[in-house]
A.B. asks: 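Structure below; questions to follow.
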There are 2 protein chains.
Amino acid sequence: MVKVVVDAMGGDEPPETVLKGIELALEADKELTVVVAGGADVVEPFCKEHDRTEPLVTTEVIAMDEHPAQAVRAKRDSSIVRGCKAVAGGEADAFFSAGSTGAILTAATLYVKRLKGVSRPCLAAVLPGLDGHQTVVGDLGANADCRPEMIVQFAEMCGALAKVEAGCSHEPSVGLLSNGTEDTKGSEQSQTYFRALTEAAEQGAVAFAGNCEGKDLLCGDYDVIVADGFTGNVALKSMEGTAKYIAGQLKAAAKRSPLNAIGALLIKGEFARIAEDLSGDKHGGAVLLGLRAPVLVGHGKTSPQAVKNGTLAAVRCVNEGLTSHVAAACAPTGAEQ
Amino acid sequence: MVKVVVDAMGGDEPPETVLKGIELALEADKELTVVVAGGADVVEPFCKEHDRTEPLVTTEVIAMDEHPAQAVRAKRDSSIVRGCKAVAGGEADAFFSAGSTGAILTAATLYVKRLKGVSRPCLAAVLPGLDGHQTVVGDLGANADCRPEMIVQFAEMCGALAKVEAGCSHEPSVGLLSNGTEDTKGSEQSQTYFRALTEAAEQGAVAFAGNCEGKDLLCGDYDVIVADGFTGNVALKSMEGTAKYIAGQLKAAAKRSPLNAIGALLIKGEFARIAEDLSGDKHGGAVLLGLRAPVLVGHGKTSPQAVKNGTLAAVRCVNEGLTSHVAAACAPTGAEQ
C-alpha cells in the first residue's frame with residue numbers, strides 16, 4: 001500500500017504523457033496509490049476517472065530552464081515544491097518527477113530533508129553492464145565540488161542503492177572514476193578522493209577497488225562507481241550523447257540504402273531496448289540518495305513507459321527500505337551533519 | 001616528399017599489423033617515405049622489400065603498461081625514443097605510434113620538444129558530429145591538472161588542428177566542457193577556466209562560446225571543445241565505453257533471433273564505419289599539439305587501416321603546416337615557457 005506523488009507537470013513532454021505513465025503504473029501495481037500533482041484542469045479529471053489516485057492541485061509550474069534555487073523559493077505552489085512537502089508531511093511515501101533536476105534537488109533538500117549524518121544528497125543511477133551486471137553510478141551532478149568525505153559517503157549510499165535496485169547481494173565493490181586505472185592516476189582533486197576511499201576501506205566502511213575509467217561505467221566490473229558531480233555529469237552526458245550519435249547515424253544510414261533500411265528496421269526494437277537500458281529509464285532515471293524519503297528524477301524527455309518505470313522504482317525503493325539502507329550505510333562514518 | 005617515422009613495435013597488435021598499415025599508406029601516397037622503427041628482424045626484411053622505406057633499427061620496446069617516465073628514461077633504444085629523436089634531429093618530419101600514450105608524450109616532450117611559448121602539449125582528437133560537422137576535443141589526458149592559462153592555450157592549439165584536420169575555415173568556436181551550459185555551471189576549477197577563456201575572448205584570442213556538456217562532444221555545434229586532461233579523458237573513455245557497449249549488445253541481440261541476426265548483418269558495415277569515426281582512427285587517433293613537429297598517437301588496439309590513416313594524417317599535418325599554425329595560434333597570448 002505505497003503512495004507515490006507523481007509530478008504531472010514535470011519534463012519536456014505534455015502532462016498527458018505523464019498521466020498515461022501513471023495509468024500504466026496503476027495497472028502494473030494494484031497496491032499502488034498515486035498522488036497526482038499539477039494544475040486543476042490536468043489532475044482533477046484524471047483522478048475522477050481513476051481509482052487509487054488523489055489530486056494534489058497546484059497553481060505554479062517550474063520550467064526546465066529556470067534557476068533552481070530562485071524558482072523553488074518563488075514558486076511555493078509548484079508541483080515540485082508541493083510534491084516534496086507532501087512527502088515531508090507524511091502524506092505520501094515517495095516523489096517522482098521528470099522535471100528540472102536542479103529544482104527537485106533544491107526542493108527535496110529543503111523540504112524532504114537529509115538523513116541525519118548525510119552531508120549532501122547524491123544523484124545516482126543504475127547503469128547496465130555488458131555482462132548483465134549492473135553498476136550504480138553517482139554523483140551525476142548534484143554536487144559539482146566535493147570534499148573527500150562526501151565521496152566516501154556517496155560510495156556508501158550508492159552501495160545501498162546497488163543492494164536495493166541492482167541486485168547486489170555482497171559488500172558492493174567501489175571504483176573511483178579517474179583518467180586511468182593505476183593508483184597514481186588522477187587529478188590532484190581525485191587523488192584526495194582516492195586517499196579518503198583508501199582510508200575508509202581500511203576501516204571497513206567500503207570495499208574500495210581503486211581507480212577506474214570512463215569505459216568501465218558500462219562494463220559491469222564494479223557494483224558502484226563514484227565521482228564528484230562535475231565529473232559524473234560529464235561522463236553521463238558523454239554516454240547519452242554517444243548513444244544519440246549512434247542512433248542518429250544508423251537512422252541516416254537507413255536512408256542511404258534499402259538494405260541498410262531493412263537492417264535498421266529489423267534491429268529497431270533491440271536498439272530501442274538498448275537505448276532505454278542506457279538511459280536509466282528502466283529504473284526511473286536517477287535517485288536522490290541521502291534524503292528522508294525516496295525522491296526519483298526522470299529524464300525531461302520522458303515517455304509513459306519511463307514514468308511507469310519511475311513510479312514503480314519509487315515503490316520498490318519504499319518497499320525495500322532504501323532510506324533505512326542508506327541511513328545504515330552512512331551511520332558508521334557519516335559523522336558530519 | 002614527406003618522411004614519417006612509424007613505430008612498428010607500438011600497440012597491442014603484432015608488428016605485422018603495423019607493417020601492413022605502412023604498406024597501405026605507401027600505396028596511397030606515392031610521395032611518402034616511411035622510416036620504420038623497430039627490431040632488426042621486423043624492419044630490415046620489410047624495408048628491403050619496399051621502396052620509400054628506411055629502417056630505424058632499435059633493440060628495446062616500451063610495453064603498453066610500463067611507467068611512462070621510467071620507461072623513456074631506461075629504454076633509450078626503444079622505437080618510441082629513437083623515433084622522437086629522429087624527428088628532433090630532422091631525419092624525419094613527423095612521428096606516428098600506436099604505443100603507450102604516456103611514453104609517447106614523455107619522449108616527445110623530452111626530445112621533439114615544445115614550441116616556444118607552449119606551456120604543455122595537449123592531446124587532441126577530431127570527433128565526428130551528428131550533422132557532419134567535426135569537433136576537435138582536447139586535452140584528452142596529457143595533463144590531469146591544468147592552470148587556467150593552459151586551457152586557453154589548448155583552445156588556441158585545438159583551433160589550429162580544427163583548421164588543418166577538421167575543415168574549419170573561420171575563427172573556431174570554443175566550448176568549455178562542463179556539467180551544464182549556463183555560465184554559472186561548473187566546478188570551482190572549471191569556473192577558473194571559464195573566466196580565463198572569457199578574458200581571452202575579450203582580447204580576441206579565442207571565440208569562446210561558453211560552457212557545454214558531454215552530449216555536445218558529438219553534436220557538431222562547436223569547432224573546439226576544451227577540458228583539462230582529467231575531464232577530457234573521462235569523457236573520451238565514457239564515449240568509447242558506450243560505443244563498445246552498444247556494439248556488444250547488438251551482437252548479443254543478433255544471437256537471440258534470426259531476424260535480429262539478419263538486421264545486424266545488414267548494418268554491420270555501417271556500424272563499423274560509425275565506430276571507426278567515433279574512435280578518431282580516421283584521423284590517426286590523437287595528435288599531440290604544441291610540439292616542434294607533428295606527433296600522432298594511435299589506439300593501442302590498432303589495425304592496418306588505422307595505421308594507414310595515422311601515417312597519412314601525419315603527412316597532412318606536415319603538408320598543411322600544423323606546427324606553424326599552432327605556433328601562430330599560441331603567439332599572441334602564449335607568454336609562458
Side-chain angles (χ1 to χ4, degrees), chain A residues 67 102 128-130 141 144-145 177-180 182 184-190 213-219 227-246 248-250 252-254 256 259-260 262-268 270-271 273-275 277-278, chain B residues 67 102 128-130 141 144-145 177-180 182 184-190 213-219 227-246 248-250 252-254 256 259-260 262-268 270-271 273-275 277-278:
Chain A
H67 186 281
L130 250 184
D145 289 295
L177 192 54
S178 186
N179 61 335
E182 302 89 344
T184 51
K185 283 282 180 177
S187 61
E188 284 172 19
Q189 175 79 291
S190 84
E213 294 179 281
K215 65 182 180 193
D216 294 317
L217 290 163
L218 297 171
C219 76
D228 55 44
F230 181 85
T231 307
N233 187 272
V234 166
L236 184 78
K237 298 281 179 65
S238 299
M239 291 167 51
E240 287 178 3
T242 307
K244 193 179 160 194
Y245 173 81
I246 292 175
Q249 288 291 304
L250 284 177
R256 274 199 300 273
L259 284 181
N260 285 348
I262 297 167
L265 189 69
L266 289 173
I267 58 147
K268 198 179 170 184
E270 290 290 344
F271 199 85
R273 188 192 53 73
I274 295 168
D277 274 8
L278 267 178
Chain B
H67 186 281
L130 251 184
D145 290 296
L177 191 55
S178 187
N179 61 335
E182 302 88 345
T184 52
K185 283 283 182 176
S187 61
E188 285 173 19
Q189 176 78 289
S190 84
E213 295 181 280
K215 65 181 179 193
D216 293 317
L217 290 163
L218 297 172
C219 76
D228 55 44
F230 181 83
T231 307
N233 188 273
V234 166
L236 184 77
K237 299 282 179 66
S238 299
M239 290 167 51
E240 286 179 3
T242 307
K244 194 179 160 194
Y245 172 80
I246 292 175
Q249 288 290 303
L250 284 178
R256 275 199 300 273
L259 283 181
N260 285 348
I262 296 167
L265 189 68
L266 289 174
I267 58 147
K268 199 178 170 184
E270 290 289 344
F271 199 85
R273 186 190 54 73
I274 296 168
D277 274 6
L278 268 178

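Chain identifiers are assigned alphabetically (A, B, ...) following the order of the sequence lines, protein sequences preceding nucleic acid strands; residue numbering begins at 1 within each chain. Basis for what follows: all heavy atoms, side chains included, without hydrogens, waters or symmetry-related copies. All figures in this text were calculated on a predicted structure; none of them were measured in a lab.
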A.B. asks: Hey, are the side chains of Val234(B) and Glu213(A) touching, using non-hydrogen atoms and a 4.5 Å cut-off?
C.D. replies: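 The answer is no; the side chains never approach within 4.5 Å.
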A.B. asks: Could you tell me whether the side chain of His67(B) reaches within less than 4.5 Å of the side chain of Glu182(A), counting heavy atoms only?
C.D. replies: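 Answer no - side chains too far apart.
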A.B. asks: Please look at Leu278(A) and chain B and tell me whether the side chain, the backbone, both or neither of the residue comes under 4.5 angstrom of a heavy atom of that chain.
C.D. replies: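 Contact with chain B involves the side chain of Leu278(A) alone.
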A.B. asks: Under 4.5 Å from any heavy atom of chain B, what part of Thr184(A) do you find: side chain, backbone, both or neither?
C.D. replies: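 Interface part for Thr184(A): neither.
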A.B. asks: Against chain B, work out which of Gly102(A), Ala227(A), Ser178(A) has the most heavy-atom pairs shorter than 4.5 Å and name it.
C.D. replies: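 Answer, by heavy-atom pair count under 4.5 Å with chain B: Ser178(A).
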A.B. asks: Select, from Ala144(A), Gly214(A), Gly241(A), the one with the greatest count of heavy-atom pairs under 4.5 Å involving chain B.
C.D. replies: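 Between Ala144(A), Gly214(A), Gly241(A), the count favours Gly214(A).
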A.B. asks: Using every non-hydrogen atom in the two residues, find where Ser187(A) and Asp145(B) come nearest and quote the distance to one decimal.
C.D. replies: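 Closest pair (atom of Ser187(A), atom of Asp145(B), distance): CB-OD1, 3.4 Å.
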A.B. asks: Once rounded to the nearest 0.5 Å, what's the spacing between atom CG of Leu266(A) and atom CG of Leu266(B)?
C.D. replies: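 Spacing of CG (Leu266(A)) from CG (Leu266(B)) equals 7.0 Å.
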A.B. asks: Looking at chain A, which one of Leu259(B), Asp228(B), Leu236(B), Asp216(B) has the largest number of heavy-atom pairs inside 4.5 Å, strictly under?
C.D. replies: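 Option with the top pair count is Leu259(B).
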A.B. asks: Give me the atom names and distance for the closest heavy-atom approach of Ile246(B) to Phe271(A).
C.D. replies: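 The pair with the smallest heavy-atom distance is CG2-CE1, 3.7 Å.
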A.B. asks: Donor-acceptor pair, distance only, cut-off 3.5 Å: does the side chain of Asn179(B) make one with the backbone of Asn233(A)?
C.D. replies: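 Looks like no, no N/O pair under 3.5 Å.
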A.B. asks: Just so I understand: if I count every heavy-atom pair under 4.5 Å between each of Gly129(B), Gly141(B), Gly248(B) and chain A, which residue has the most?
C.D. replies: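 When all of Gly129(B), Gly141(B), Gly248(B) are compared, Gly129(B) has the most.
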A.B. asks: Heavy-atom pairs under 4.5 Å with chain B are the metric here; pick the option from Lys215(A), Glu240(A), Gln189(A), Lys237(A) that has the most.
C.D. replies: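 Sorted descending by pairs with chain B, the first entry is Lys237(A).
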A.B. asks: My understanding is that only residues two or more places apart in sequence, or in another chain, count here; which of them pass side chain to side chain contact (heavy atoms under 4.5 Å, CB included) with Ala253(A)?
C.D. replies: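 Ala253(A) satisfies side chain to side chain contact (heavy atoms under 4.5 Å, CB included) with Arg256(A), Asn260(A), Glu270(B) only.
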A.B. asks: Could you tell me which of Lys244(B), Arg273(B), Lys185(B) has the largest number of non-hydrogen atom pairs under 4.5 Å with chain A?
C.D. replies: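 Result: the option with the highest number of such pairs is Arg273(B).
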A.B. asks: Only one of Ile274(A), Leu217(A), Thr242(A) passes side-chain contact (heavy atoms from CB on, under 4.5 Å) with Tyr245(B); say which it is.
C.D. replies: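 Single side-chain contact (heavy atoms from CB on, under 4.5 Å) partner of Tyr245(B) among Ile274(A), Leu217(A), Thr242(A): Ile274(A).
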